[in-house]
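All remarks here apply to the structure that follows.
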Amino acid sequence: MQFIKLISLTLIVFITQSCKCQKEVSTMQDSLEKATQTKENYVIEYTASSRGIYNQVTLDKNNISTLQKRGGTPIIKSCTEENWNSIMKHFKSIDVQNISTLKAPSKKFQFDGAAIAHLKITKGDKTYETPPFDHGNPPEEIAELVKEILSISENIE
């Protein structure tokens with residue numbers, strides 16, 4: 001868990017230090033804070049990273065943000081009702097409170113065989129996060145949701 005916190009802290013430092021994307025990051029953080037304050041709204045974040053790969057997708061009912069490079073500029077688009085309904089369809093089958101106990105089907109990320117991935121879900125003031133898993137091989141319980149998140153993020157550019 002310390003490793004995850006260290007990675008998260010490092011990513012935050014890289015993002016906030018980038019002068020180029022400071023305004024966009026600030027805008028997205030404001031948007032996420034507003035969404036998090038609403039008890040009915042979820043913020044879903046998927047992150048996959050390794051030495052050569054970085055992919056972060058953050059979405060809520062209003063926006064979809066993709067970041068393809070550490071310290072890069074996020075691409076922010078409106079989340080359509082169709083996209084959000086599709087996400088919620090897969091989301092409803094997940095026991096959010098227990099995602100921290102999911103078991104990864106493989107652990108190639110431990111030796112650079114795959115990018116390390118995480119799924120984080122925020123509702124109101126509560127945040128739920130999965131243990132690390134291989135990008136491309138999530139736990140079965142969240143596989144369809146992760147697939148839908150990645151599919152939507154690829155189509156917003």
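In this chain, residues are counted from 1 in sequence order. On a predicted model such as this, the values are computed, not experimentally measured, just so you know.
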Would Ile76 and Ser65 satisfy side-chain contact (heavy atoms from CB on, under 4.5 Å), going step by step from the backbone distance to the final call? CA-CA 4 Å; Ile76 302 170; Ser65 168; 4.0 Å; yes
Interatomic distance, NZ@Lys126 vs OG1@Thr122, rounded to 0.5 Å, equals 12.0 Å
For Pro139 and Ala104, the nearest pair of non-hydrogen atoms, with its separation, is CG-CA, 4.3 Å
**Asked** Among side-chain atoms of Thr80 and Asn83, is any donor-acceptor pair under 3.5 angstrom?
**Response** yes
message: The test is side-chain contact (heavy atoms from CB on, under 4.5 Å); show your working for Ser49 and Ile116 and say whether it passes.
response: CA-CA 5 Å; Ser49 64; Ile116 187 170; 3.7 Å; yes
In short, Pro138 meets Pro105 closest at the heavy-atom pair O-CG, 3.5 Å
| Do the side chains of Tyr46 and Ile53 join up, straight or via other hydrophobic residues, at under 4.5 Å, putting them in one cluster? | no
Between Pro131 and Ser100 the two heavy atoms that sit nearest each other are CG-O, 3.4 Å
- Item | Flag side-chain contact, heavy atom, 4.5 Å: Ile121 against Leu119 | yes
Please check if the side chain of Ser151 supplies one atom and the backbone of Glu148 the other of a donor-acceptor pair under 3.5 Å. no
Minimal heavy-atom distance between Leu67 and Gly72, with the atoms involved, is CD1-O, 3.3 Å
Taken to the nearest 0.5 Å, the spacing of Phe91 CZ from Ile149 CD1 works out to 9.5 Å
side-chain contact (heavy atoms from CB on, under 4.5 Å) between Asn55 and Gln68: does it pass, once the steps are laid out? CA-CA 5 Å; Asn55 185 16; Gln68 297 291 325; 3.1 Å; yes
Distance col, row Asp60:CG vs Trp84:CH2, nearest 0.5 angstrom, shows 6.0 Å
The residue among Asp95, Ile99, Ile94, Asn98 that forms side-chain contact (heavy atoms from CB on, under 4.5 Å) with Tyr128 is Ile99
Interatomic distance, NE2@His135 vs NE2@His118, rounded to 0.5 Å, equals 12.5 Å
Output for pair (Thr58 OG1, Ile44 CD1), nearest 0.5 Å, gives 10.5 Å
To the nearest 0.5 Å, atom NZ of Lys123 lies from atom OG1 of Thr127 at 12.5 Å
Contacts of Phe109 meeting ring pair (Phe, Tyr, Trp, His ring centres under 6.0 Å) (sequence neighbours excluded), chain-then-number -> none
Applying side-chain contact (heavy atoms from CB on, under 4.5 Å), run through Phe133 and Ile142 and close with a yes or a no. CA-CA 11 Å; Phe133 56 90; Ile142 62 169; 3.9 Å; yes
Keeping Asp134 on the side-chain end and Gly136 on the backbone end, is there a donor-acceptor pair under 3.5 Å?
no
